[in-house]
Amino acid sequence: MTDSQKYRMRLIRAHMDYITSTLNDIDAMLDSLIAPYENAVKLLCTIPGVDRNSAITIISEIGTDMTQFSNSKRLCCWAGLTPGNNESAGKKKSVRITRAGVYLKPALVQVAHAAVKSDKPPYYKQKYERIMKRRGKKRAIIAIARMILTAVYQILSTGEVWNPIDLYKIDMPEPLKEKQKEKAVKQAEKLLISEGILSESQLVS
């Protein structure tokens, strides 16, 4: 190795040491900034696909006070995960998602990709596979990202860990909730009859 090559190697090594030192300083600063929100970070990490870095990104974008959004639908709309409703003369012209959430939306899409690959639990994976058959891969991922952000809203609002339920029903109007309950009861009754557990006469009585 010539002297000029050794010199270039020393420059490269010095530059690498500088970058490493700078990254360590940034990590230390981020740790100090996120310390007051550590509990919220841990709660968000209970969501499949969400790791510490993505949880910090989400909190840095939306904070922990969900009252500013009123409900999860407004949060999803702000993040650009709600299809736009461009309607004229009774005809929809576009259902593309809005352009808001420049930093949050890509982070949530990345989380969604991780969530649909997870088998523990397979909640979002199953949701994704069902939606993908009807809407395609891209729309299915956006739908999962929207479900995850709804879960984030619910967790930060209640302080409870992630619970695998149909979170899209949280903001559902009461009349629609009642219809959904009636539908679920009828489906359960049909299942009981088909399995021979109950008869139609028993259900009527």
Side-chain angles (χ1 to χ4, degrees), residues 43-50 54 58 62 66 69-87 90-98 101 105 108-205:
L43 286 173
L44 294 189
C45 286
T46 63
I47 303 173
V50 176
S54 55
I58 292 169
I62 66 175
M66 294 297 99
F69 295 107
S70 300
N71 55 53
S72 63
K73 286 185 178 179
R74 289 191 179 183
L75 173 57
C76 290
C77 182
W78 180 85
L81 292 172
T82 303
N85 186 13
N86 185 5
E87 189 169 320
K91 296 181 179 180
K92 285 187 177 181
K93 295 183 178 180
S94 174
V95 291
R96 292 182 179 179
I97 57 177
T98 60
K105 184 165 65 180
L108 289 168
V109 169
Q110 185 177 359
V111 167
H113 278 290
V116 300
K117 293 177 182 178
S118 175
D119 290 321
K120 299 181 180 180
Y123 177 80
Y124 290 122
K125 182 178 181 179
Q126 293 172 354
K127 291 284 185 182
Y128 171 78
E129 290 174 350
R130 284 201 292 267
I131 298 171
M132 181 184 65
K133 291 177 182 178
R134 304 191 314 269
R135 308 296 299 249
K137 293 181 178 179
K138 291 184 178 180
R139 289 183 178 180
I141 278 293
I142 293 297
I144 297 302
R146 185 163 58 247
M147 290 180 191
I148 290 173
L149 187 55
T150 301
V152 168
Y153 176 90
Q154 183 72 1
I155 287 172
L156 294 178
S157 297
T158 63
E160 299 175 355
V161 298
W162 178 79
N163 184 25
I165 60 172
D166 288 329
L167 290 160
Y168 71 91
K169 295 179 181 178
I170 290 173
D171 297 317
M172 188 181 291
E174 286 301 325
L176 188 55
K177 282 185 180 180
E178 290 301 320
K179 288 184 178 179
Q180 291 285 349
K181 287 180 181 179
E182 291 176 5
K183 183 178 178 181
V185 169
K186 289 180 180 179
Q187 289 176 341
E189 290 175 348
K190 288 181 180 179
L191 178 61
L192 291 173
I193 293 172
S194 65
E195 293 293 331
I197 299 173
L198 290 178
S199 63
E200 292 185 9
S201 60
Q202 287 176 307
L203 290 175
V204 172
S205 60

Euclidean distance, [Y] [atom2] relative to [X] [atom1], rounded to 0.5 Å:
X	Y	atom1	atom2	answer
I148	I47	CD1	CD1	7.0 Å
C45	I155	SG	CD1	10.0 Å
R134	R130	CZ	CZ	8.5 Å
E160	Q154	CD	CD	7.5 Å
R139	R146	CZ	CZ	11.0 Å

Problem set entry | Intermediate values then yes/no, side chain to side chain contact (heavy atoms under 4.5 Å, CB included), I144 and K127 | CA-CA 8 Å; I144 297 302; K127 291 284 185 182; 3.8 Å; yes
Minimum heavy-atom separation for [X] to [Y], with atom names?
X	Y	value
T46	W162	OG1-N, 3.0 Å
P48	A115	O-CB, 3.4 Å
Y124	V116	O-CG1, 3.9 Å
H113	K117	O-CG, 3.3 Å
S54	G49	OG-O, 4.3 Å
T150	C76	OG1-SG, 3.7 Å

For this session: Apply side chain to side chain contact (heavy atoms under 4.5 Å, CB included) to the pair K105 and L108, showing each step before the final yes or no.
Result: CA-CA 5 Å; K105 184 165 65 180; L108 289 168; 5.8 Å; no
For this session: Decide side chain to side chain contact (heavy atoms under 4.5 Å, CB included) for I141 and V109; before the verdict, give the C-alpha distance in whole Å, the side-chain angles of both, and the deciding distance to 0.1 Å.
Result: CA-CA 7 Å; I141 278 293; V109 169; 3.8 Å; yes
For this session: Please report the C-alpha distance between V152 and I62 in whole Å, then the side-chain angles of each, then the deciding distance to 0.1 Å, and finally whether the side chain to side chain contact (heavy atoms under 4.5 Å, CB included) criterion is met.
Result: CA-CA 10 Å; V152 168; I62 66 175; 3.8 Å; yes
Exercise. Of Q187, E182, E189, which meets side-chain contact (heavy atoms from CB on, under 4.5 Å) against V185?
Worked result: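 With V185 as partner, Q187, E182, E189 yield a single side-chain contact (heavy atoms from CB on, under 4.5 Å), made by E189.
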Exercise. Is S157 reaching over with its side chain to a backbone N or O of Y153, donor-acceptor style, under 3.5 angstrom?
Worked result: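 Judged by distance alone, yes, a pair lies under 3.5 Å.
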Problem set entry | Within-4.5 Å side-chain heavy-atom neighbours: L43 and V161 |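 A side-chain contact under 4.5 Å exists here.
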